[in-house]
2 protein chains.
Amino acid sequence: MDRISGKISKAVPTMQDVAVAAGVSVATVSAAVNGTAPVSKKLRERIEQAIQEIGYKRNAVARSLKMGTTTTVGLVVADITNPFFTDVVAVIQDVLHRAGYAVMLCCTDESASLQEEQISLLLDRMVDGLIIAAAGDDDGLRRHLRGANTPVVLIDRLCHDLDADAVVVDNEDAVKSATKYIIDLGHRNIGYISGSLSTSTGRDRLAGYLAALQEAGIDYGDEFVRLGNFRAKDAYTATMQLLTRPDRPSAIFAANNLMVIGVMKAIRDVGLDCPGDISVAGFDDFPWADVFQPNLTTIAQPVQAIGEQAAELILSRVADKKRREPRHIVLKGRLMIRESCRPRLG
Amino acid sequence: MDRISGKISKAVPTMQDVAVAAGVSVATVSAAVNGTAPVSKKLRERIEQAIQEIGYKRNAVARSLKMGTTTTVGLVVADITNPFFTDVVAVIQDVLHRAGYAVMLCCTDESASLQEEQISLLLDRMVDGLIIAAAGDDDGLRRHLRGANTPVVLIDRLCHDLDADAVVVDNEDAVKSATKYIIDLGHRNIGYISGSLSTSTGRDRLAGYLAALQEAGIDYGDEFVRLGNFRAKDAYTATMQLLTRPDRPSAIFAANNLMVIGVMKAIRDVGLDCPGDISVAGFDDFPWADVFQPNLTTIAQPVQAIGEQAAELILSRVADKKRREPRHIVLKGRLMIRESCRPRLG
DNA sequence: TGACAATAACGAAACGTTTAGATTAGCGTC
DNA sequence: GACGCTAATCTAAACGTTTCGTTATTGTCA
């Protein structure tokens, strides 16, 4: 690159170079580029031409240092492999990009310690805001987020005692109505494969299940509840435990989409048929839920709305840093009744 | 925050603050923090303590400006909603994070113009490297990437005439063997739902299909080929066209996972059954391919290896900027034979 | 005792912007 | 022609690091 020819051609041109080329000061170039101060037509044209000629691009890092703002938001999700999260991520991405923001994506694999690392990484890089689907324990999260006065929007999962904006679904209500639907089909022994109880979604969804049982006067409590920790593999073993009981459940509800896979695998592996022998429903809809067999009955989350609201929230926080009351947006899930649940025989 | 009390407490402490607190110069603090120069035990301890006390964190933006390096790589994929990409993204994420790098994720929605925007956004922010699953036309890509002397690794899709590292799958070979498998089952009229032909994957996969036909002495050429552009919806209409022909195909191959969904939907909507009436196979495996019915026969890509190799490549490029020959890594796909293809009847 | 390394700490100049405040130019008024 | 008043432009000081060249502090050896 650098020709040895008296003057060395810089690798990447700076505002200074533009200023020299256009015969003005850097301040004027800055004003012209950003439109922050009036600059005469004549100069503006000269500057623009110089920019074209030498191929100048503004250095966002230098700008960030000076401005104290990076037009970047960090996005932390528990599992990028989960279709629910990817759908939400896609929407957030889209909205933020339109607003000129970049997105730094991090993935915590449902691990609290990894989560702290990732948040630290993002905070170091001075992201203007943070959207988090929190994994694991709340304490670490709170500790890391206090002090850093970066605006935070929680999605999907709440964090106790952290006064941040949040957009979540009414999990309890959704699972309660799904469970009620199953009960109304005549099922009494209903298995429940739960997510991690250190997340608000894990707790709230379970609460919905229990509430429906109670309301129906079924009182075995959490007898049929097993922990699946939101992963297919854990759900598989959990389901196996349920299916090998003498009084095995005639229906199973899985608290998220990944766990449904584990449930179905287990059902297949013990030689049962869904929905013939056992009914299944799960949280989170996915695109092929109604094209492969059995067509799954699910609770669809409003992913589009969740993503949009989260993005809007963080944008408004970033635009106007003054501390306001945190806002919680609660959306409703929707029960998609398909064919994986049948009335209980006999 | 800022108490009005004589001296105002800074929002976020700087190295200067640490220096004052420890009674040393900023240069020494920097040396201690980075270990770039020897500093006596005594001072190091004082500095460390000061850091703890005032809660200092190094400002990565300032550091980037000075160092000309951001320890961030940009990751551009065509569709974050596609399980293949998310799997790869997850692996890349993981490897890069371990190496201390952050990942900026962008999504182009298969649009060339959006892609240029996104790359521009990343380049502005001075990412140290770029991993790209290229969408659309190659010219724009080349134009944007030249000049910026940022290392680039292409994944999944090649870009003609761009001398960048790349890790791809031998698409032609994989599809050829899958098609051969279908032919060997006795099928003659085999539909092919293609991805966009402006991508190398679109072209190579189609080439594999055609090669298998030719080798088997079947010579209707691209009679049964329809464009699905890698999206479920387009694949649906494309499949509909095929299924309403008088000589409708007895088997269909879809060139990626999303399009399989469209194909299955179309088959269902015209009242046919897979695999009873029509056999189906597709590119890209997914977790539930073998738990829901029909168990899909697919070509599994080595997502783990793709992600790892891509991450390693970009890391080595970033570590050592000197221009070397671009490396192309070609991996093999694997045919996962399940139950969605049956011997042709009659 | 003085000369000379070796070592540890420091001062100050970058990196490429933004921006407050100073300067200049242009122009109408008295 | 001196004066003010705008509007346009410039000068220079930040922003928070890193790093080069320099100085201070030892210790060693002739």
Side-chain angles (χ1 to χ4, degrees), chain A residues 8-48 50-51 54-72 100 123-128 148, chain B residues 8-48 50-51 54-72 100 123-128 148:
Chain A
I8 294 171
S9 76
K10 292 274 287 300
V12 31
T14 77
M15 210 169 234
Q16 176 64 39
D17 300 333
V18 176
V20 173
V24 298
S25 75
V26 284
T28 308
V29 177
S30 177
V33 168
N34 300 303
T36 48
V39 28
S40 67
K41 193 164 195 172
K42 192 173 67 173
L43 285 199
R44 194 171 30 212
E45 278 166 2
R46 275 215 322 255
I47 289 171
E48 238 136 60
I51 288 179
I54 65 182
Y56 166 76
K57 298 205 68 186
R58 190 174 59 186
N59 182 324
V61 174
R63 177 163 223 262
S64 290
L65 177 58
K66 186 66 211 190
M67 306 268 285
T69 193
T70 52
T71 48
T72 301
L123 254 20
D124 282 0
R125 281 170 173 77
M126 307 253 131
V127 292
D128 293 342
Chain B
I8 295 173
S9 76
K10 292 272 288 298
V12 32
T14 77
M15 212 169 234
Q16 175 64 39
D17 300 332
V18 177
V20 174
V24 299
S25 75
V26 284
T28 308
V29 177
S30 176
V33 168
N34 300 304
T36 48
V39 31
S40 68
K41 194 164 195 174
K42 192 174 67 171
L43 285 199
R44 197 172 27 215
E45 277 166 3
R46 272 212 328 250
I47 290 171
E48 239 135 59
I51 288 178
I54 65 182
Y56 167 75
K57 299 206 68 186
R58 192 173 58 186
N59 181 325
V61 174
R63 176 163 223 262
S64 291
L65 176 57
K66 187 66 210 188
M67 306 268 287
T69 191
T70 52
T71 50
T72 301
L123 254 21
D124 282 359
R125 282 170 173 79
M126 307 252 131
V127 292
D128 292 342

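Just so it is clear: chains get the letters A, B, ... in the order the sequence lines come, proteins before strands, and each one is counted from 1.
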Legend entry - d(CG, L43(B); P, dA24(D)) in whole Å: 17 Å
Inset, instruction - For the side chain of A62(B), starting at C-beta, report the closest nucleotide among dC10(C), dT18(D), dG16(D). - result: dG16(D)
Legend entry - Short side-chain N/O contact from S30(A) to OP1 or OP2 of dT18(C), under 4.0 Å: yes
Legend entry - Atom pair distance, as rounded to whole Å: CG in L65(B) and P in dC15(D): 14 Å
Legend entry - Proximity to the side chain of R58(A) - top-ranked nucleotide from dT18(D), dT18(C), dC10(C): dT18(C)
Legend entry - Closest nucleotide among dT18(C), dG16(D), dT18(D) to the V26(B) side chain: dT18(D)
Inset, instruction - Ignoring hydrogens and angles, state whether a donor on the side chain of T71(B) or R63(B) is under 3.5 Å from an acceptor on the partner side chain. - result: no
Inset, instruction - Specify the separation, in whole Å, of atom CD1 of I47(A) and atom C1' of dA8(D). - result: 11 Å
Legend entry - Under 3.5 Å: donor-acceptor pair, side chain of D17(A), backbone of T14(A): yes
Legend entry - S64(A) side chain to T69(A) backbone, donor-acceptor under 3.5 Å: yes
Inset, instruction - Could you tell me the separation between the CE atom of M126(A) and the P atom of dT17(D), rounded to a whole number of Å? - result: 8 Å
Inset, instruction - Taking only the side-chain nitrogens and oxygens of T28(B), find out if one of them lies under 4.0 Å from OP1 or OP2 of dC10(C). - result: yes
Inset, instruction - Determine, for D124(A) against R58(B), whether the closest basic-nitrogen to carboxylate-oxygen distance falls under 4.0 angstrom. - result: no
Inset, instruction - Grab the CE-C1' distance between M15(A) and dT18(C) for me, whole Å please. - result: 8 Å
Inset, instruction - Please state whether the phosphate of dC15(C), meaning OP1 or OP2, lies under 4.0 angstrom from any side-chain nitrogen or oxygen of N59(A). - result: no
Legend entry - T72(A) side chain to R125(B) side chain, donor-acceptor N/O pair below 3.5 angstrom: yes
Inset, instruction - Could you check which of dT17(D), dA9(C), dT18(C) has an atom nearest any side-chain atom of Y56(B)? - result: dT17(D)
Legend entry - Side-chain (T70(A)) to main-chain (M126(A)) donor-acceptor, under 3.5 angstrom: yes
Legend entry - Nearest-nucleotide pick for T14(B), side chain only, options being dG16(D), dG16(C), dT9(D): dG16(D)
Legend entry - Protein-nucleotide distance (Q16(B), atom CD; dA13(D), atom P), rounded to Å: 17 Å
Legend entry - Nearest-nucleotide comparison on DNA chain D, the residue closer to the 5′ end among A27(A) and P38(A): P38(A)
Inset, instruction - Tell me what V61(A) touches on the nucleic acid: a base, only sugar-phosphate, or nothing, going by heavy atoms under 4.0 Å. - result: nothing
Inset, instruction - Identify, between T36(A) and V29(B), the residue whose nearest nucleotide on DNA chain C lies closer to the 5' end. - result: V29(B)
Inset, instruction - Rounded off to whole Å, could you give me the NZ-to-P distance for the K66(B) and dC15(D) pair? - result: 16 Å
Legend entry - Interatomic distance, N34(A) CG vs dG16(C) C1' [rounded to whole Å]: 13 Å
Inset, instruction - Please state whether the phosphate of dG16(D), meaning OP1 or OP2, lies under 4.0 angstrom from any side-chain nitrogen or oxygen of R63(B). - result: no
Inset, instruction - Mind checking S40(A) for me? I need base, sugar-phosphate or nothing, with any heavy atom below 4.0 Å counting as a touch. - result: sugar-phosphate
